[in-house]
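Input: a single structure, listed below in structure tokens.
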Protein chains: 2
Amino acid sequence: MLSKNRLKYLKSLQQKKNRQEEQLFLVEGEKPLAELMQARQWRVVFWGLTPFFVEKYAHLIKTYSVEYELLTADELHQLSTLEYQKAGVAVVSMPANEPIVAKPENYTIALDNIQDPGNLGTILRLADWYGFPQVVCSPDCVEVYNPKTIVASMGSFLRVSTYYTDLPAYLAQYASLPTLGALMEGENLHKTSLPTGGILVLGNEGHGISPAVQACLTLPLTIPRFGGAESLNVAMATAVFLDRLAEVAH
Amino acid sequence: MLSKNRLKYLKSLQQKKNRQEEQLFLVEGEKPLAELMQARQWRVVFWGLTPFFVEKYAHLIKTYSVEYELLTADELHQLSTLEYQKAGVAVVSMPANEPIVAKPENYTIALDNIQDPGNLGTILRLADWYGFPQVVCSPDCVEVYNPKTIVASMGSFLRVSTYYTDLPAYLAQYASLPTLGALMEGENLHKTSLPTGGILVLGNEGHGISPAVQACLTLPLTIPRFGGAESLNVAMATAVFLDRLAEVAH
């Protein structure tokens, strides 16, 4: 049993303000917790696990000498932001915001003012699937440690590095690299020969890439439309772009 | 002002059971309502609009002689399943479940047991964008008239036909067409020459395509993975597949 004060403290990490103050964030759900246990470079300050998880993953808990507290169903319900999960939560120390070095032989993904935490998590999952594990975010992007982002990333936050920084300044630093951007009026993605590495920029859900960042693009690209829908969601557009870039980059 | 009973009746359409009994469904939000007004083949039995919408779309209301009731903020809040919207709701008559004819010169999309209403809506939006406006659903797919599906489709439900039917029987009927399927162990999507038309099958979020439907596939395909993520969400996989198929089909 957790004390009332401890429970209250852990639960407070559901709020951004408290996460930032404490530099801690929550990881929830069965698979992400099992992956986190095996990812040694993360500092976990608290494991709250259910009897179900402890039994199913006894081998991992033993192998990694995990010290945990057993959670009651009610404690899990209070600590977790998910309606349905029966595994537990971990509290993890945020890594430092370390600069990401864009390399010419692979793609770095740059996100300009992405607002929806689910979209950011989905983009991390796609970046992980396609082998582009570097994501640079503008300071006005949603926080990568938002519980919804962590959940939507399905454990990919463990393998994809993120770095929050001013995008125009970052892109200016890499002015020699091809800088692709997803726009409504660019070159046809299907008919353009794509560089084998560089930076891909994706923009805000409603307004796309901001003018200051657009000015840094060397290759504006558009997913061709064949039907009636007005737009694609940014996560869907990311899927399509990364699939094309992975084909040429890897 | 709507009467208490009328409000209760309209609100009841948020439940599947009532939608099925009445053969009516809800459309919500600014853009979908504006698109619905211009799509004359749909029978709308009720327009509940806010003063904001009525002012902004006065020209549409006049052009299409729309008879509406003004909704108060409280009525809108009760009728709508969305937390934030200021436009209104419409109640629309469900079209009949009419058979879809798969044609060799384009792709028909077949969905096997898709459970998440947001995924189905996103798939409709993608199908619309890429010009594949025919979607056949297995009977155990989530209902296309679920409010979350309608909202996620962003108006694309107006342009994409859906048909619920037994999938193995449907595919048997079109045994002469190429039948592609998204699987974990199929041919590499990037390295396979794709037919210019046929049927593309996408499967359940957790279990993929069921064995009975797998038996009907002529071309099992896989999106190549270059990194660490275990899987892609079905809506992301649909984006990648349709982007590749649109390139060869159109």
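In the text below, chain A, chain B and the rest are named by the order of the sequence lines, each starting its count at 1.
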Ala87(B) to Phe53(B) - nearest heavy-atom pair and separation: O-CB, 3.4 Å

Minimum side-chain heavy-atom gap Pro178(B)-Leu219(B) below 4.5 Å: no

Minimal non-hydrogen separation, Gln134(A) against Val101(A), with atom names: NE2-O, 3.0 Å

Asn106(A) CG to Phe226(B) CZ distance, which is reported to the nearest 0.5 Å: 10.5 Å

Side chain, backbone, both or neither of Lys191(B) within contact of chain A (heavy atoms, under 4.5 Å): neither

Toward chain A: residues of residues 227-250 of chain B with heavy atoms under 4.5 Å: Gly227(B), Gly228(B), Ala229(B), Glu230(B), Ser231(B), Leu232(B), Asn233(B), Ala235(B), Met236(B), Ala239(B), Val240(B), Asp243(B), Arg244(B), Ala246(B), Glu247(B), His250(B)

Closest contact, heavy atoms only, Ala182(B) versus Leu202(B): CB-CD2, 3.7 Å

Pro32(A) versus Val27(A), closest heavy-atom pair with distance: CB-CG1, 3.9 Å

Reported CD-to-OH distance for the pair Glu98(B) and Tyr164(B), which is rounded to 0.5 angstrom: 15.5 Å

Tyr174(B) vs Thr179(B) side-chain heavy atoms within contact, under 4.5 Å: no

Where Gln38(A) and Tyr64(A) come nearest, the two heavy atoms and their spacing: CG-CE1, 3.7 Å

Residue, of Asp128(A), Thr122(A), Leu124(A), that accumulates the most heavy atom pairs under 4.5 Å with chain B: Asp128(A)

Glu55(A) atom CD: more than 12 heavy-atom contacts under 6.0 Å: no

Within residues 144-162 of chain B, residues adjacent to chain A where the heavy-atom gap is under 4.5 Å: Ser156(B), Arg159(B)

